[in-house]
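Given the structure is predicted, the values throughout are model-derived calculations rather than measurements. Each chain gets a letter, A, B and so on, in the order the sequences are listed, and its residues count up from 1.
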2 protein chains.
Amino acid sequence: MKQPKVTVVDVARAAGVSKSTVSLVLQGSSLVNETTRARVGAVIRELGYVYNRGAANLRQSKSKIVGIVVNDLTNSFFAELAVGMDMVVQSAGYIQFMANTSENADRQGEVIASMREHGMAGLILSPARGTTAADLKPLVDSGIPVVLVARNVPGLKVSSVVSDGHAGAMSAVRHLIELGHRRIAFLGGFNDTAVFDERMRGFRDALVEAGLDASDELVISSAPSRAGGVAAVERMLAMRDRPTAALCFNDAVAFGACDGLRSARIEPGVDFGVIGFDDVIEAKTAVPALTTVSVDPQGMGRRAAQLLLKQINAGDFDAEAMVAAVRLVVRESCGAPQRVKELTA
Amino acid sequence: MKQPKVTVVDVARAAGVSKSTVSLVLQGSSLVNETTRARVGAVIRELGYVYNRGAANLRQSKSKIVGIVVNDLTNSFFAELAVGMDMVVQSAGYIQFMANTSENADRQGEVIASMREHGMAGLILSPARGTTAADLKPLVDSGIPVVLVARNVPGLKVSSVVSDGHAGAMSAVRHLIELGHRRIAFLGGFNDTAVFDERMRGFRDALVEAGLDASDELVISSAPSRAGGVAAVERMLAMRDRPTAALCFNDAVAFGACDGLRSARIEPGVDFGVIGFDDVIEAKTAVPALTTVSVDPQGMGRRAAQLLLKQINAGDFDAEAMVAAVRLVVRESCGAPQRVKELTA
DNA sequence: CTCGTAATTTAGATCGTTCCAAATTTCAAG
DNA sequence: CTTGAAATTTGGAACGATCTAAATTACGAG
């Protein structure tokens with residue numbers, strides 16, 4: 001039941017005007033007479049005309065399409081990020097190519113190439129693990145605005161929106177120290193990523209600041225997932241001098257850590273302090289509710305999208321690095337104040 | 001640093017051939033001589049030529065773009081669904097417009113219209129609540145393949161991939177009956193949705209089959225969320241003749257139900273049987289681990305995408321309704337077998 | 001009426017590709 | 001050498017919009 005598609009020419013013929021006039025009506029130009037506009041409008045509706053944006057883009061050589069490439073949509077942090085971008089992109093009248101890379105840099109390269117062929121106006125990328133500056137260089141050099149989000153790629157002159165991992169980690173560790181903890185671990189995350197490095201340095205700096213042990217053995221890296229959290233906690237429990245609390249690389253790791261603690265009959269939030277990072281949706285409703293460093297992923301997504309749109313509209317732009325503020329949200333997983341008293345007593 | 005873009009004509013000139021030949025090379029035609037192909041290929045790489053798929057689409061009036069519209073990406077069920085679709089769409093060399101509607105039917109209408117203008121070849125839609133057949137009628141009539149996923153829209157002749165809510169609910173209820181429960185409730189979900197209706201009928205049919213009470217008061221609808229679960233369980237506990245177990249509309253409701261039971265000092269999985277629906281990631285690790293009807297969202301997404309691609313490739317197609325099999329995953333929230341003995345003793 | 005200016009409308013080129021039909025080259029057989 | 005079929009290559013017209021510059025129409029003033 002394929003309808004023969006109707007074009008501006010068909011509309012023009014039916015309305016008794018030229019295609020130029022129809023085009024003018026389409027873009028809401030004030031040059032066209034009110035009665036003509038009405039007539040053309042009526043014909044458009046009657047014929048069920050569908051605007052062919054591709055043809056328009058070809059002529060104008062610009063599009064209202066942005067690319068959004070995310071490394072892991074099943075992780076609710078990145079899903080939230082995507083939703084935030086989606087909001088502002090849609091509201092600005094743009095539409096997005098969105099793709100998930102599953103942390104696969106090759107696949108990432110393919111989808112970015114494809115998006116380029118389709119004429120995207122700009123790209124927001126949460127880079128897959130292992131993305132190099134060289135991977136992105138050609139795209140960036142072509143003059144298409146690119147905004148990196150959540151993760152950075154060292155050695156690339158490009159805009160980015162990331163959270164302040166260092167400050168977040170410091171405030172989390174300071175909180176644990178105030179609660180009386182003296183031996184604190186850092187759990188999870190791949191140690192070859194910039195994000196890991198930043199959070200881990202925040203962790204270290206806070207320990208050093210308080211004159212506490214900050215030796216390497218306290219940093220236990222693993223996959224940044226729930227399973228990785230379980231694994232990391234197991235290794236931690238095997239230590240001679242066991243920590244009494246831990247800062248986790250992200251919330252997923254923190255949940256995994258809680259699972260791991262429970263199966264060792266250690267109750268998180270009571271016998272052991274756990275702090276996460278990201279503040280995903282589930283953090284609030286988990287049991288125990290997770291104390292975590294909130295980075296407002298949706299807000300970051302919005303920020304990134306706004307930055308990208310700004311750069312698209314400004315013909316000319318400079319790379320701009322935004323660091324999103326974070327704040328510690330204290331819930332129950334690191335011990336309530338009254339319990340702390342017992343702990344320190 | 002905007003590069004002047006190179007086109008087939010530029011490549012042709014540089015390689016000393018005609019643009020037709022370049023085009024042939026681009027589409028890997030066997031008509032072109034091997035040495036010419038190599039020369040053109042070299043020039044393409046050297047000049048950094050980027051294929052303009054928009055122009056090609058215009059000429060051929062077909063595209064390799066599909067639309068994916070999801071009602072709530074922050075819900076991990078739908079995120080998994082999206083990832084499943086993404087996989088097969090990408091592998092087939094297609095690229096996707098993806099948009100989130102946040103259950104807003106108006107926004108959904110806008111993005112679908114926009115995707116249409118951009119010339120998508122087909123659409124996979126997980127419709128927002130309140131989507132009517134009339135909303136989708138024009139699109140479907142235009143001959144563009146549409147596949148509905150996860151939710152159906154009554155009165156629309158269009159393909160769909162949904163889970164077998166009826167069978168899933170029946171098997172869940174049968175399981176509860178085997179465990180010795182004789183009075184079972186159905187909790188949560190909006191009673192004006194097709195999904196609710198289907199699951200609820202499965203619930204009823206299983207009760208009737210066993211000769212048990214299936215009266216209306218046992219069906220307590222509410223928002224399909226954690227909060228809705230709490231509310232529903234409260235209403236249930238106020239009944240004269242209290243049920244001893246419940247099938248919940250989805251896992252979120254089930255988690256809420258557990259919360260509600262606990263605050264009434266009833267331990268889910270011990271004093272009361274709870275079964276969920278969907279098998280979201282958290283179901284496995286919750287305490288108690290949730291017995292639930294697993295629907296493999298990622299698999300459903302893949303299935304839907306395959307169906308869509310099939311319809312795109314077949315010029316002509318019929319609406320096809322797929323029902324994804326489900327299976328009951330028994331964990332701990334409905335009482336382990338040994339506990340059942342005590343219960344029935 | 002005629003003119004000039006403002007208000008509308010329009011023809012035709014153009015964007016970067018594909019496709020058709022025709023032109024050109026290649027080459028083995030006669 | 002021809003010659004004809006096979007192998008390659010190519011010019012020019014699409015595709016459906018926009019844009020420029022020019023044509024046409026409208027209309028109040030002289």
Exercise. Quick one: are Asn104(A) and Asn71(A) in side-chain contact, heavy atoms under 4.5 Å?
Worked result: no
For this session: Identify the 5'-most and 3'-most nucleotides of DNA chain C with at least one atom closer than 4.0 Å to a non-hydrogen atom of chain B.
Result: dG16(C) to dC19(C)
Exercise. Mind checking whether Ile112(A) and Leu139(A) have side chains closer than 4.5 Å, heavy atoms only?
Worked result: yes
For this session: Whole angstrom is fine here: how far is it from CG in Leu31(A) over to P in dA21(D)?
Result: 15 Å
Problem set entry | Straight-line distance of Ile65(A) CD1 to His118(A) NE2, nearest 0.5 Å | 8.0 Å
Problem set entry | Atom of Arg129(B), atom of Ala105(B) and distance for their closest heavy-atom approach | O-CB, 4.4 Å
Exercise. If you take all heavy atoms of Ile312(B) and Ala121(B), which pair is closest and at what distance?
Worked result: CG1-O, 3.7 Å
For this session: Give the rounded distance in Å between these two atoms: CG of Asn33(A) and P of dA26(D).
Result: 10 Å
Problem set entry | Note: Arg303(A)-Glu320(A) ion pair, threshold 4.0 Å (strictly below) | no
Mind listing the N/O atom pairs, protein and nucleotides 15-20 of chain D, below 3.5 Å?
{"unit_1": "dC15(D)", "atom_1": "O2", "unit_2": "Arg59(B)", "atom_2": "N", "d": "3.3"}
{"unit_1": "dG16(D)", "atom_1": "N2", "unit_2": "Ala55(A)", "atom_2": "O", "d": "3.2"}
{"unit_1": "dA17(D)", "atom_1": "OP1", "unit_2": "Tyr49(A)", "atom_2": "OH", "d": "2.5"}
{"unit_1": "dA17(D)", "atom_1": "OP1", "unit_2": "Asn52(A)", "atom_2": "N", "d": "3.2"}
{"unit_1": "dA17(D)", "atom_1": "OP2", "unit_2": "Val8(A)", "atom_2": "N", "d": "2.5"}
{"unit_1": "dT18(D)", "atom_1": "OP1", "unit_2": "Tyr51(A)", "atom_2": "OH", "d": "2.9"}
{"unit_1": "dT18(D)", "atom_1": "OP2", "unit_2": "Ser23(A)", "atom_2": "OG", "d": "2.3"}
{"unit_1": "dT18(D)", "atom_1": "O2", "unit_2": "Arg59(A)", "atom_2": "NH1", "d": "2.4"}
{"unit_1": "dC19(D)", "atom_1": "OP1", "unit_2": "Gln60(A)", "atom_2": "NE2", "d": "3.4"}
{"unit_1": "dC19(D)", "atom_1": "N4", "unit_2": "Ser20(A)", "atom_2": "OG", "d": "3.4"}

Problem set entry | Least distance between heavy atoms, Asp318(A) atom then Ser159(A) atom | O-OG, 3.9 Å
Seminar exercise, completed: Residue pairs meeting salt bridge (charged side-chain N to carboxylate O under 4.0 Å, His left out), one or both in residues 111-127 of chain B, sequence neighbours left out, come to Arg53(A)-Glu117(B)
